[in-house]
Amino acid sequence: MRALVVNESMYGNTHLVAEAVGRGLRAHAKVSVVPVERADRAAVQAADLVVVGGPTHGHGMSRASTREAAVEAAQKPDSSLHLDADAEGEGLREWFDALGPGGSGVAAAAFDTRFDLPAAVTGRASKGIHRRLRHHGFTEVAAPESFFVVKGNTLEPGEEERAVRWGEHLAAHVAAAEPAS
Ligand SMILES: Cc1cc2nc3c(=O)[nH]c(=O)nc-3n(C[C@H](O)[C@H](O)[C@H](O)COP(=O)(O)O)c2cc1C
């Protein structure tokens, strides 16, 4: 089985979660973890499972304006925030727009990172990702999941381990559904 983990990340937390999900998937799959701008349609169509994650901005998926705000916050002289290597690329909204009907039945799952408060308060990017996965023809194999950051924009303790377990669960589910070869 081949799995592709597509991630958008400004401060590196979603990237860390994506890598952890990838470690979990490796029990059952050959895995690539890639930033959103390197996940082209060919990579998506070659995968048996596509996992898509991004940070929650303004109660939903990021926009160019929220990503600019995130960069500006990190560039303030007193900031302790560090930008991820791929932070200044495009976001998942643009990625989905360019993808077209690329899913064609490929198994998929959505995740986000956000603050650890009820989703009614924080919003959650995974809801928008989930909606777009369906719209683009993917078949979702798990409910959207959230992983939590603390106010200073680092992952809560235990979240990487939880992401590994979520990845294991996803891969086991898809592997069990595949015809034996
Ligand atoms: C411009 C901006 C808007 C944000 N809005 C929200 C929000 O509405 N709800 C929330 O839970 N977190 C919000 N956050 C916090 C992000 O969810 C957090 O920075 C992100 O999960 C960290 O992931 P990353 O390190 O991969 O960028 C916001 C962050 C930024 C920079």
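Numbers for residues simply follow the sequence, beginning at 1. Since the model is a prediction, treat every value here as computed from it, not as a measurement. Just so you know, ligand 1 is whichever comes first in the structure, and atom 1 is the first atom listed for that ligand.
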Please state which protein non-hydrogen atom is closest to [atom] and give its distance, to 0.1 Å?
atom                    : result
atom 1 (C) of ligand 1  : T66 O, 3.6 Å
atom 5 (N) of ligand 1  : G58 N, 3.0 Å
atom 7 (C) of ligand 1  : T122 O, 3.5 Å
atom 10 (C) of ligand 1 : F115 CD1, 3.6 Å
atom 29 (C) of ligand 1 : H57 CD2, 3.6 Å
atom 13 (C) of ligand 1 : T56 O, 3.1 Å

Is there a polar contact between ligand 1 and [X], counting only N or O atoms under 3.5 Å apart?
X    : result
E8   : no
H15  : no
V149 : no
H59  : yes

Enumerate the atoms of ligand 1 whose separation from the nearest heavy atom of [X] is less than 4.0 angstrom.
X    : result
R114 : 11 (O), 17 (O), 21 (O)
P55  : 20 (C), 21 (O), 23 (O), 27 (O)
N153 : 18 (C), 19 (O), 20 (C), 22 (C)
T14  : 23 (O), 24 (P), 26 (O)
M10  : 24 (P), 26 (O), 27 (O)
T113 : 17 (O), 20 (C), 21 (O), 22 (C), 23 (O)

To the nearest 0.5 Å, what is the distance between [atom1] on [X] and [atom2] on [Y]?
X    : Y    : atom1 : atom2 : result
E94  : M61  : CD    : CE    : 8.5 Å
F115 : N153 : CZ    : CG    : 5.5 Å
R67  : S9   : CZ    : OG    : 12.0 Å
N7   : E19  : CG    : CD    : 7.5 Å
T154 : Y11  : OG1   : OH    : 13.0 Å
E68  : M10  : CD    : CE    : 9.5 Å

#### Entry: Flag for R124-S146: side-chain donor and acceptor within less than 3.5 Å
no
### Query
According to a 4.5 Å side-chain heavy-atom criterion applied to Ile, Leu, Val, Met, Phe, Trp and Tyr, with indirect links allowed, do V21 and V164 form part of one hydrophobic cluster?
no
### Message
I'd like to know whether ligand 1 has A73 as a neighbour, heavy-atom separation below 4.0 Å.
### Response
no
### Task
Report yes or no: does a heavy atom of G123 sit under 4.0 Å from some atom of ligand 1?
no
### Sub-4.5 Å side-chain heavy-atom contact between Q45 and V106
no
### Query
With distance as the sole test, does H15 use its side chain to make a donor-acceptor pair with the main-chain N or O of E8 at under 3.5 Å?
no
### Query
Hey, is R162 close enough to E156 for a salt bridge, meaning N to O under 4.0 Å?
no
